[in-house]
Amino acid sequence: MTDLTPNSTFLIAGIVFITIAVIGKSKLAFIEINPGFFGRLLALIIGTSSLLYALGLLNFSVGNLDLLRTSFLTEQIKQSISSINELLQGS
């Protein structure tokens, strides 16, 4: 339970930044948060990207890219492009 994996770190950071973006100006005991408009916008962008990374949507590995390159869909696209080229050259 004490191990912080990168996914949990990005999840926590995303939640914190989204909270800053939503709440905006706040004051807790000795902590004052006043990000302003651009600070809130930046917090929203960083928080959203952190959450997407934690969910694995932005976590591209070499294995995933190789799988995409050799997938069935890629082969179908190549065949479709060659068929379109033949059709255009024939007319």
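The structure displayed is predicted, hence computed values, not measured ones.
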| field | Nearest-0.5 Å distance, CD1 of residue Ile46 to CG of residue Leu51 | value |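 One finds 12.0 Å between CD1 of Ile46 and CG of Leu51.
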| request: Calculate, to the nearest 0.5 Å, the distance between atoms OG and CG belonging to Ser49 and Leu44 respectively. | output: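 Spacing of OG (Ser49) from CG (Leu44) equals 9.5 Å.
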| Partner set under side chain to side chain donor-acceptor pair (under 3.5 Å) for Ser8, not counting sequence neighbours |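 Side chain to side chain donor-acceptor pair (under 3.5 Å) list for Ser8, sorted by chain: Thr5.
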May I have the list of side-chain donor-acceptor pairs in residues 17-37 shorter than 3.5 Å, sequence neighbours left out?
from: Thr19; atom 1: OG1; to: Ile15; atom 2: O; distance (Å): 2.7

| field | Listed partners of Phe10 passing ring pair (Phe, Tyr, Trp, His ring centres under 6.0 Å), at least two apart | value |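 Checked Phe10 against ring pair (Phe, Tyr, Trp, His ring centres under 6.0 Å); matches are Tyr53.
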